[in-house]
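Encoded as structure tokens, the structure appears first; notes follow it.
Computed from a predicted model, the values in this text were never measured in an experiment. Just so it is clear, the values below take in all heavy atoms, side chains as well, and ignore hydrogens, waters and symmetry mates.
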Amino acid sequence: PARRDLMLKLADLMEREKNALAYLETLDNGKPFSSTTGYGSEVDIMLATKVMRYYAGWADKMGGQNVMGDDDKTLILTFREAV
């Protein structure tokens with residue numbers, strides 16, 4: 001649940017600061033700021049917020065086991081699936 005909560009908090013912050021993020025996105029890629037055109041940076045931030053919330057919902061639904069590799073630098077994630 002901690003990962004989910006952090007992701008939801010990030011989505012809340014993104015929503016709260018959507019104008020500042022849209023402005024930065026406009027500077028970064030040159031898209032129009034306004035969402036009145038339907039493809040501006042405001043729309044990008046709104047969609048990014050929705051995606052963050054979607055994946056936050058999955059954060060506590062994933063199951064499996066973490067196993068360290070032989071070199072202690074590799075993390076192996078395993079899932080049980082029906083065959």
Could you give the distance from [atom1] ([X]) to [atom2] ([Y]), rounded to the nearest 0.5 Å?
X: T26; Y: L21; atom1: OG1; atom2: CG; value: 10.5 Å
X: K9; Y: R16; atom1: NZ; atom2: CZ; value: 9.5 Å
X: L6; Y: L13; atom1: CG; atom2: CG; value: 10.5 Å

Hey, any chance M14 and L8 share a hydrophobic cluster, counting ILVMFWY side chains that come within less than 4.5 Å of each other, even indirectly?
-> no
Take atom CG of N29 as the centre, draw a 6.0 Å sphere, and report whether it contains more than 12 heavy atoms from other residues, nucleotides or ligands.
-> yes
Can you tell if the side chain of E25 reaches within under 4.5 Å of the side chain of D28, non-hydrogen atoms only?
-> yes
Side chains of residues 46-56: which donor-acceptor pairs under 3.5 Å do they make with residues two or more places apart or in other chains?
| unit_1 | atom_1 | unit_2 | atom_2 | d |
| --- | --- | --- | --- | --- |
| T49 | OG1 | I45 | O | 2.9 |
| R53 | NH1 | D12 | OD1 | 3.2 |
| R53 | NH2 | D12 | OD1 | 2.9 |
| R53 | NH2 | E15 | OE1 | 3.0 |
| Y54 | OH | W58 | NE1 | 3.0 |

